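Structure first, then comments.
Atoms within a ligand are numbered from 1 in the order they appear, just like the ligands themselves. All values derive from a computational prediction rather than experimental measurement.
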Amino acid sequence: MSTVDGSSAPQSPAESSLATSIFSAKSPADSDGHAARAAKWRFATQVVAVDSSDNAHGASSVPIFQTATFKGMDGQYDYTRSGNPTRGGLESHLARIYSAHQAFALSTGMTCLDVILRLVKPGETVLAGDDLYGGTNRLLTYAKSHGGVDVRHADTTDVAALIPHLGKGNNVKMVLLESPTNPLLKIADIQEISATVKAAAPDAIIVVDNTMLSPYLQRPLELGADIVYDSATKYLSGHHDVMAGIIATGNPQASKDIAWLINAMGSGLAPFDSFLLLRGVKTLALRMDKQQANAQIVANYLDALGFKVHYPGLKSHPKADIHWKQASGAGAVLSVLTDDTQLSERVVSAARLWGVSVSFGAVNSLISMPCLMSHASIPAHIRAERGLREDLIRLCVGIEDPRDLLDDLEHALIVSGAIVPNVDPSLLPSDKLAEVFRTNPGQWGIERARFFRRPNVEALIDGVSRGLALDGVKTIDSDIVVSAPGKVILFGEHAVVHGVVGEQTD
Ligand SMILES: N[C@@H](CCSC[C@H](N)C(=O)O)C(=O)O
């Protein structure tokens with residue numbers, strides 16, 4: 001048969017019986033045991049293998065049904081607030097990767113928490129951790145002041161600390177956990193807490209905010225949680241180009257309640273955002289592997305310099321054993337203390353490749369000061385009570401070349417005065433130390449300085465890539481009092497920096 005241009009080349013797709021057999025757009029028949037084999041696919045395969053068969057034309061990507069309404073009275077869909085095929089395709093995919101009874105896509109992580117908190121009635125109690133995201137704390141505070149819910153906070157790294165709150169009189173209806181926590185990377189034993197709570201308060205719901213690790217690294221539904229939620233703005237989407245949240249439920253009752261609330265409240269994710277999120281989810285495993293390898297390198301580097309680093313991938317983490325019992329990776333968020341708030345502000349303002357921004361989980365690395373940004377909504381006296389220090393810096397590691405990340409971070413540490421390169425004060429008589437600072441214009445406002453011999457970055461990277469834990473280089477702390485002419489002005493959540501930071505003179 002000749003084609004439009006007169007050539008005799010066969011049409012594509014070929015007009016043959018083959019088109020009705022092996023090229024069928026429908027998913028392969030189960031007669032060949034495909035479903036059983038697919039059930040064994042590993043996570044990195046599952047996230048990519050999106051079932052897009054539920055569409056009229058066999059589109060290999062789930063189509064965007066950018067519509068608010070659907071015609072007729074007896075179809076599967078009538079109104080996108082109640083359901084939409086694009087969002088449905090995303091939710092079916094997410095239910096598979098969470099191994100959930102059902103999954104729901106919402107507009108943000110906080111929308112997820114708002115929906116979940118509505119399962120708690122006035123007079124009932126929510127027991128939450130004492131290190132948790134600022135927005136979570138804000139919403140819990142509102143539920144208490146305006147919803148009549150009794151909200152209590154306890155140290156979830158210590159299961160025994162929860163028990164006094166679980167007595168019948170306390171009417172605990174929900175226990176809300178993060179692990180690792182944002183931003184102190186504290187670890188809660190999800191399985192032990194679930195078992196302890198269910199024994200003391202059988203009707204209580206265990207809810208886990210799993211945003212810091214995603215279902216790739218931690219699966220709370222398999223550890224006893226009833227409901228898991230993620231800010232999908234973070235690792236699930238991975239590119240900071242969509243706001244979204246995911247609720248995954250572990251049982252039919254939770255699914256029924258959550259589905260009812262989302263429809264009633266209209267908090268379902270829009271069709272185009274559902275398409276963007278589904279697109280991002282496909283590379284979750286690939287991105288997270290690279291991001292957490294980079295995070296381990298950065299954590300080892302800062303640990304080697306003698307900084308106090310919070311990261312479950314470090315042997316020094318107090319609850320690393322609990323973490324590795326329930327998670328398969330350390331994640332890509334770490335936090336570090338400089339012992340000096342103004343010094344931390346200078347470090348953050350001197351970073352260039354590390355973007356000064358809230359949020360985490362994207363392919364580009366971010367640096368922030370939680371007390372001024374993501375956790376600014378927690379009152380200062382409560383931050384202090386909870387050990388959330390003003391000088392804390394949070395690092396959210398992306399997929400860049402780790403050498404560039406370390407170069408940029410080290411530059412910021414040097415020009416801010418946090419570290420002094422290649423100076424070993426044990427070789428200098430004490431009266432020479434002040435001279436060292438006077439000749440290093442970046443050494444402004446430092447009450448303490450760390451001297452270090454720069455770790456061998458290539459060895460550091462090679463070590464992490466070969467799974468070796470590197471011992472840190474020795475550092476020497478010296479207490480030096482130096483005048484502090486530098487100024488850094490920060491407004492609210494964003495570091496708006498005005499300051500003059502001297503150039504490092506070699
Ligand atoms: N202005 C926002 C700050 C968002 S913080 C986002 C993310 N959860 C993080 O931890 O960085 C607010 O006030 O919530």
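If you look at His375 next to ligand 1, there are no close heavy atoms at all, none under 4.0 Å. Residue contacts with ligand 1, taken as heavy atom pairs separated by less than 4.0 Å, involve Asn182 solely via side-chain atoms from C-beta onward.
At least one heavy atom of Arg138 lies less than 4.0 angstrom from ligand 1. Every heavy atom of Gly134 sits 4.0 Å or more from the atoms of ligand 1. For Gly135, the heavy-atom gap to ligand 1 stays at 4.0 angstrom or more. Under a 4.0 angstrom heavy-atom cut-off, Arg394 registers as being in contact with ligand 1.
Of the possible polar contacts, one joining the Lys319 side chain to the Thr157 backbone as a donor-acceptor pair under 3.5 Å is found. The backbone N or O of Val358 sits nowhere less than 3.5 Å from a side-chain atom of Ser368 that would complete a donor-acceptor pair.
Between the side chains of Thr111 and Thr108, at least one donor-acceptor pair of N or O atoms lies under 3.5 Å.
Within ligand 1, the atoms closer than 4.0 Å to a non-hydrogen atom of Lys234 are 7 (C), 8 (N), numbered from 1 in the order shown.
Applying the side chain to side chain donor-acceptor pair (under 3.5 Å) definition to pairs two or more places apart or across chains, those involving residues 113-128 are Asp114-Arg118, Thr125-Asp150.
By the 3.5 Å distance cut-off applied to N or O atoms, Ser374 is not counted among the residues near ligand 1.
Here Leu106 contributes atom CG and Met265 contributes atom CE; the two are 8.5 Å apart, rounded to the nearest 0.5 Å.
Looking at Lys186 and Glu178, no side-chain N of the basic residue comes within less than 4.0 Å of a carboxylate O on the acidic one, giving no salt bridge.
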